[in-house]
Amino acid sequence: MLILELYVFVLAAFVGYMVITKVPPLLHTPLMSATNAISGISLVGSMVAAGSRHGSLATALGFIAVVCATTNIVGGFLITDRMLKMFRAKDSHAAPAKKG
Amino acid sequence: MRDQITEFSYLAASVLFILGLKSLTHPDRARRGMQQAAVGMLLAVCGTLLKHSIIDYRWIFIGLVLGVLIGYPLGMWVPTTALPQRIAASLSFGALASTLVGISEYHAVYHGGEGTIAPARMAALGFEVLLGALTVTGALMAFGKLQELLPSRPITYRGQNLVNIALFGVGVVLLVTCIASPASAWAFYSMIGVAAIVGVLMVIPIGGADMPVVVALLNSYCGLAASATGFALGNSILIICGALDGASGFLLSILMSKAMNRSFANVLFGAFGGTQPAAASGGGTALPVRAISAEDAAIQLAYAQRVIIIPGYGMAVAQAQHTVRELAELIERRGGEVKYAIHPVAGRMPGHMNVLLAEANVPYDRLYDMDEINGEFPQTDVALVIGANDVVNPAAREDPSSPIYGMPILDADKAKHVIVLKRGMAAGFAGIENVLFHAPATSMLFGDAKSSLTKLVSEVKSA
């Protein structure tokens with residue numbers, strides 16, 4: 001079981017590395033907020049902790065975790081979208097000089 | 001059946017996340033891709049609601065609603081100038097979620113009387129709370145520095161590194177204790193405490209200019225903590241997303257350190273410029289400086305054929321990006337060509353300048369990376385440096401005794417004329433004298449970046 005999980009981790013890290021090396025410096029800030037939103041997936045674990053009735057402390061901690069993770073997901077995706085909306089190539093004053 | 005639906009939603013979400021990140025390789029496709037990733041997130045959350053282990057939905061829904069209520073303003077209303085601290089804060093939230101899930105897990109087993117935790121799972125839990133707690137406090141400190149609640153100069157004391165390393169060692173020993181005997185709750189909880197203290201002490205000695213590396217590094221830790229949560233819960237999507245986040249943060253911190261010609265260790269333990277600022281700024285005042293009036297600077301710009309603008313943190317502080325764009329448009333209307341040269345570590349986070357300029361409607365194909373534009377400086381009539389300092393210091397190329405020697409810089413000094421917008425003659429963040437400011441081709445336009453630019457705009461208009 002553990003070895004399977006290690007496979008998943010190593011391969012995912014590898015894919016992540018390959019994909020992210022291709023992200024231009026232009027978009028490094030959106031990249032950070034995007035990965036931040038995506039890592040809000042810990043909500044999945046938080047929901048289980050908040051809803052499993054393992055005593056009131058476990059529920060309370062799970063609840064706070066749900067709030068934190070949801071905040072990150074909602075805020076993260078919204079701010080990423082807001083930023084990406086701002087990146088435009090169109091130039092109204094001069095002919096756009098396309099770069100590779 | 002229900003479990004299969006859950007697993008399938010996770011698989012779909014993972015694919016959408018990876019495609020979303022892949023879309024970030026091009027600005028035109030990025031928005032669409034990230035919206036698909038958000039759909040993936042929704043799928044994963046809905047899939048989780050079907051899980052058998054969830055019995056009680058009340059707190060989950062209250063938490064979700066509360067999270068949306070807090071997240072919406074953080075996403076929509078935070079100004080772009082506050083982005084670095086916004087990202088630091090969200091790293092802290094993310095790590096807090098991982099840490100709390102870890103504690104909740106541990107507590108449920110040892111106080112709910114469900115037997116014991118196997119060593120492998122305990123190791124995962126241990127890493128989760130160790131990295132989590134460290135990131136929570138570390139990111140909070142970074143937030144405090146970026147928001148200027150804390151002094152952004154490095155805070156140092158003698159024997160600092162020894163204390164940090166010793167504390168980190170204690171943390172590791174406690175982790176090993178936990179794995180060896182998972183039932184020893186004291187070790188588990190004191191490990192969290194030690195990690196939280198290490199987080200604070202690790203970030204305190206790091207100066208504001210080094211923040212891009214720290215933010216990227218904390219991003220990586222936050223991802224690894226999420227991944228460890230996945231190992232502890234046996235949940236693949238957490239492992240995958242954590243790995244993606246960890247890889248991205250790791251890669252960014254490598255790129256940032258490279259752009260400063262420094263190793264990780266040097267950023268974390270170096271406390272750059274913390275020791276000599278007072279002495280340095282007092283000593284080197286003998287060199288000549290040529291001040292220029294806004295009128296003269298405007299004439300140079302108005303008749304220039306090729307202009308390269310070099311923005312730095314000073315532009316962000318003065319919130320001058322809109323005025324910069326206005327000036328650039330005026331020059332272009334008069335027939336000049338304007339490009340922007342962006343140093344990888346300009347500002348307080350990776351890509352900081354790009355976002356600010358994009359916000360001000362500067363088309364992204366005018367923004368050039370260091371390697372793309374450095375060859376063009378010799379043919380440039382005017383290099384306009386706005387609130388940047390160390391990233392244009394030729395000492396990094398020429399003076400082996402300089403603390404920033406070897407750092408790749410923008411070759412602004414090779415332009416025919418250089419105009420530097422600067423508040424005063426104080427040394428840069430690192431406390432290093434900048435040779436460029438004393439070069440014969442350089443003129444200094446003193447004053448707040450925004451008001452200087454406003455003056456330039458009106459002068460160029462009438463020129």
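Worth saying up front: this structure is predicted, and the values here are computed from it rather than measured. The sequence lines fix the lettering, A, B, ..., with proteins before strands; numbering per chain opens at 1.
- The 12-atom threshold is exceeded at CE of B:M76, counting heavy atoms of other residues, nucleotides or ligands nearer than 6.0 Å.
- Of the two parts of B:L233, only the side chain, counted from C-beta on, holds a non-hydrogen atom closer than 4.5 Å to a non-hydrogen atom of chain A.
- Pairing each heavy atom of A:I41 with each of B:C241, the nearest pair is CG2-CB, 3.3 Å.
- Separating the CD1 atom in A:I79 from the CD1 atom in B:I87 is a distance of 7.0 Å, to the nearest 0.5 Å.
- Contact of B:A37 with chain A is made through backbone and side chain together, with heavy-atom distances under 4.5 Å.
- Taking the six-membered ring where the residue is Trp, B:Y364 and A:F87 present tilted rings, their angle falling between 30° and 60°.
- Looking at heavy atoms from C-beta onward, A:M32 lies in side-chain contact with B:V215 at the 4.5 angstrom threshold.
- Heavy-atom neighbours of A:F14 CZ from other residues, nucleotides or ligands within 6.0 Å: at or below the threshold of 12.
- Proximity to chain A is absent for every atom of B:Y57, based on heavy atoms less than 4.5 angstrom apart.
- Heavy atoms only, all atoms of each residue included: B:G63 and A:T70 are closest at O-OG1, 4.2 Å.
- Contacts between B:D245 and chain A at a heavy-atom distance below 4.5 Å involve backbone atoms as well as side-chain atoms.
- A:P30 and B:V355 get closest at one heavy-atom pair: CD-CG2, 4.1 Å.
- A:G40 approaches B:M41 most closely through the heavy-atom pair C-CE, 4.3 Å.
- Listed here is the closest heavy atom pair of A:T29 and B:M349: CG2-CE, 3.3 Å.
- Between atom CE of residue B:M34 and atom CG of residue A:L84 there is a gap of 7.5 Å, rounded to the nearest 0.5 Å.
- In this structure, chain A has heavy atoms under 4.5 Å from both the backbone and the side chain of B:K22.
- The two residues A:A58 and B:S104 have their closest heavy-atom pair at O-OG, 3.3 Å.
- The residue among B:L74, B:I54, B:L69 with the most heavy atom pairs within less than 4.5 Å of chain A is B:I54.
- Between A:P25 and B:I342, every side-chain heavy-atom pair lies at or beyond the 4.5 Å cut-off.
- Contact of B:I103 with chain A is made through backbone and side chain together, with heavy-atom distances under 4.5 Å.
- Summarising the geometry, atom CE belonging to A:M47 is positioned 5.0 Å from atom OG1 belonging to B:T48; distances are rounded to the nearest 0.5 Å.
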